[in-house]
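Take a look at the structure below.
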Amino acid sequence: MPDPLTARRLNRAHWDSLAGLHGQGADDYYDVDALVAGADSLSEHESAGVREAVGAVAGLDVVHLQCHIGFDTISLARRGARVVGVDFSRASLEKAREIARRCGQDIEFVDADTTALGPELHGRFDLAYATMGVLCWIDDVAAWMSSAAAALRPGGRLLLVDLHPLSMMLDSVDPLVLDFPYADEGGRVYDEDGSYAAPDASVGATETVQFAHSLGEVVNAAIGAGLRIERLDEHLDSDFDPRGRILTQEDDGRYRLRLDGEALPVTFTLIARRP
């Protein structure tokens, strides 16, 4: 496994490449024109998580961790929140700023490591928002949770909506192929083209290092950071396929992951509060 600095360098190069790919018309996942026209990018479970965590975000201070090109950052701002988007990919942040300008939103975007947010972000926020494909890029989930907790005001909440560790294990359903561990055993190196938004597209930097975290590890890391768990939900269906190629859309329009006919969890929602 590469050392942490090498892993970070590889992953940043990958996300810089994705910033150049996403929202350029090669994918339906990031439809910039629809966003500029007023579309809201939050998924069903993300919107439900926001409502459960804080109700309406209007008038609240929100930090969007690992915001990529800022779609949800912009959508939260349109809902009336004062939002700061954070990411370690400068190319992603530059694109996010450009898209925010097109959407008429004045949003602060910060280049930072989400496992070690700087003191200028500490104690400022009512909600720390992080969703979809977040923790698999984090080697130290305890540090990530401590950093998120530090950004919150007393009484502030963390909303984490992410891919379920079981669904992360799958490379293919038919045939069944597992290519990712359930729990932390160190980083796994991958070298493959495409992205969750555009599986068949060409990505400039293809080598990545990804990390597994079980639900137990995630919950215990939140508790260890001093957060109080308020809710943990495991979702057996979704209104979209977050990985772009694993789930099946069934007759009711919902996307599910089934093995031998039985539905497995697709995503999870964790809500935790800073006392």
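Starting from 1, each residue takes its place in the sequence as its number. Everything numeric here is computed off the predicted structure, so don't read it as measured data.
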Inset, instruction - Could you tell me whether the side chains of Glu192 and Thr206 share a donor-acceptor contact shorter than 3.5 Å? - result: no
Legend entry - Arg228, CZ: over 12 other non-hydrogen atoms inside 6.0 angstrom: no
Inset, instruction - Could you tell me whether Glu108 and Arg82 make a salt bridge, using a distance below 4.0 angstrom between a side-chain N and a carboxylate O? - result: no
Legend entry - Carboxylate-amine/guanidinium contact Asp61 Arg124, below 4.0 Å: no
Legend entry - Polar side chain donor-acceptor pair, Tyr129 to Asp72, under 3.5 angstrom: yes
Legend entry - Identified side chain to side chain contact (heavy atoms under 4.5 Å, CB included) partner of Phe88 from the options Asn11, Thr115, Asp16: Asn11
Inset, instruction - Group every Ile, Leu, Val, Met, Phe, Trp and Tyr by side-chain heavy-atom contacts under 4.5 Å, then state whether Leu35 and Leu21 land in the same group. - result: yes
Legend entry - Any side-chain heavy-atom pair of Glu52 and Glu230 under 4.5 Å: no
Legend entry - Pair Ser89, His68: side-chain N/O donor-acceptor within cut-off below 3.5 Å: no
Legend entry - Straight-line distance of Asp179 CG to Arg188 CZ, nearest 0.5 Å: 7.5 Å
Legend entry - Euclidean distance, Ile69 CD1 relative to Ile74 CD1, rounded to 0.5 Å: 8.5 Å
Inset, instruction - Could you state whether Val219 and Leu227 fall into the same hydrophobic cluster, counting links through intermediate Ile, Leu, Val, Met, Phe, Trp or Tyr residues with side-chain heavy atoms under 4.5 angstrom apart? - result: yes
Inset, instruction - Identify the two heavy atoms, one from Phe125 and one from Val63, that lie closest to each other, and give their separation to 0.1 Å. - result: CD2-N, 3.5 Å
Legend entry - Side-chain H-bond candidate by donor/acceptor type, Gln66 with Trp144, under 3.5 Å: yes
Legend entry - Plane angle bin for His164 and Tyr182 - parallel if under 30°, tilted between 30 and 60°, otherwise perpendicular: tilted
Legend entry - Short side-chain donor-acceptor distance under 3.5 Å, Asp3 and Thr6: yes
Legend entry - Heavy-atom check, side chain of Leu76 versus side chain of Thr73, under 4.5 Å: no
Legend entry - Leu264 side chain reached by Leu259 side chain, heavy atoms, under 4.5 Å: yes
Legend entry - Candidate pair Val218 and Leu135, rule side-chain contact (heavy atoms from CB on, under 4.5 Å), full reasoning: CA-CA 9 Å; Val218 174; Leu135 294 185; 3.6 Å; yes
Legend entry - Side chain proximity check, Asp162 to Leu270, heavy atoms < 4.5 angstrom: no
Inset, instruction - Take Ile246 and Val173 through the test side-chain contact (heavy atoms from CB on, under 4.5 Å) and record every step on the way to the result. - result: CA-CA 7 Å; Ile246 295 296; Val173 175; 4.1 Å; yes
Legend entry - Side chains of Leu247 and Pro242 in contact at under 4.5 Å (non-hydrogen atoms): yes
Legend entry - Lys95 vs Ser92 side-chain heavy atoms within contact, under 4.5 Å: no
Inset, instruction - Enter the distance from Ile138:CD1 to Asp184:CG here, rounded to the nearest 0.5 Å. - result: 12.0 Å
Legend entry - Heavy-atom donor-acceptor pair, Ser146 side chain to Ala142 backbone, under 3.5 Å: yes
Inset, instruction - Return yes if some donor-acceptor pair links the side-chain N/O of Thr248 with the main-chain N/O of Glu250 below 3.5 Å, else return no. - result: no
Inset, instruction - Compute whether any side-chain donor of one residue and acceptor of the other, for Ser47 and Arg79, lie under 3.5 angstrom apart. - result: yes
Inset, instruction - List the steps and the verdict of side-chain contact (heavy atoms from CB on, under 4.5 Å) for Phe211 and Phe180. - result: CA-CA 9 Å; Phe211 305 86; Phe180 201 63; 5.6 Å; no
Inset, instruction - Give a yes or no on whether Arg90 atom CZ has more than 12 heavy-atom contacts from other residues, nucleotides or ligands under 6.0 Å away. - result: no
Inset, instruction - Check the side chains of Asp233 and Thr269 for a donor-acceptor pair under 3.5 angstrom, ignoring hydrogens and angles. - result: no
Inset, instruction - Run the salt-bridge test on Arg97 and Glu94 with the 4.0 Å N-O cut-off and return the result as yes or no. - result: yes
Inset, instruction - Ignoring hydrogens and angles, tell me if any N or O in the side chain of Ser238 forms a donor-acceptor pair with the backbone of Asp241 under 3.5 Å. - result: no
Inset, instruction - Consider only side-chain N and O atoms of Thr208 and His14, and report whether a donor and an acceptor are under 3.5 Å apart. - result: no
Legend entry - Glu44 with Arg254: basic N within carboxylate O range, under 4.0 Å: yes
Inset, instruction - Kindly check if the number of other-residue, nucleotide or ligand heavy atoms within 6.0 Å of CG (Asp191) is above 12? - result: yes
Inset, instruction - Take atom CG of Leu176 as the centre, draw a 6.0 Å sphere, and report whether it contains more than 12 heavy atoms from other residues, nucleotides or ligands. - result: yes
Legend entry - Close side-chain approach of Ile229 and Ile223, heavy atoms under 4.5 Å: yes
Inset, instruction - Nearest 0.5 Å please: distance from the OG atom of Ser147 over to the CG atom of Leu121. - result: 8.5 Å
Legend entry - From Met145 atom CE to Thr114 atom OG1, the distance as rounded to the nearest 0.5 Å: 11.0 Å
Inset, instruction - State whether the side chain of Arg78 and the backbone N or O of Ala39 hold a donor-acceptor pair below 3.5 Å, judged by distance alone. - result: yes
Legend entry - Sub-4.5 Å side-chain heavy-atom contact between Met169 and Val177: no
Legend entry - Distance flag, aromatic centroids of Phe71 and His22, threshold under 6.0 Å: no
Inset, instruction - Give a yes or no on whether Glu185 atom CD has more than 12 heavy-atom contacts from other residues, nucleotides or ligands under 6.0 Å away. - result: yes
Inset, instruction - Is it possible for you to say whether Leu215 and Val266 belong to one hydrophobic cluster, with membership spreading through side-chain heavy-atom contacts below 4.5 Å? - result: yes
Legend entry - Linked, directly or transitively: Leu163 and Ile271 (ILVMFWY side chains, under 4.5 Å): no
Inset, instruction - Could you label the plane-to-plane angle of the His45 and His235 rings as parallel, tilted or perpendicular, counting under 30° as parallel and over 60° as perpendicular? - result: parallel
Legend entry - In one Ile/Leu/Val/Met/Phe/Trp/Tyr side-chain cluster, 4.5 Å: Val84, Ile107: no
Inset, instruction - Determine, stepwise, if the pair Asp111 / Asp87 fulfils side-chain contact (heavy atoms from CB on, under 4.5 Å). - result: CA-CA 5 Å; Asp111 177 6; Asp87 205 276; over 6 Å; no
Legend entry - Whether Arg102 side chain and Asp33 backbone form a donor-acceptor pair below 3.5 Å: no
Inset, instruction - State whether Arg245 and Asp171 are salt-bridged, where the test is any N-O pair (Lys NZ or Arg NE/NH1/NH2 against Asp/Glu carboxylate O) under 4.0 Å. - result: yes
Inset, instruction - May I ask you to say whether Asp113 pairs ionically with Arg8, meaning some side-chain N is under 4.0 Å from a carboxylate O? - result: yes
Inset, instruction - Kindly compute the distance separating CG (Leu257) from OG (Ser167), expressed to the nearest 0.5 Å. - result: 6.5 Å
Legend entry - ring-ring contact (aromatic ring centres under 6.0 Å, His included) between Phe240 and Tyr255, worked out: CA-CA 6 Å; Phe240 76 112; Tyr255 289 84; 7.7 Å; no
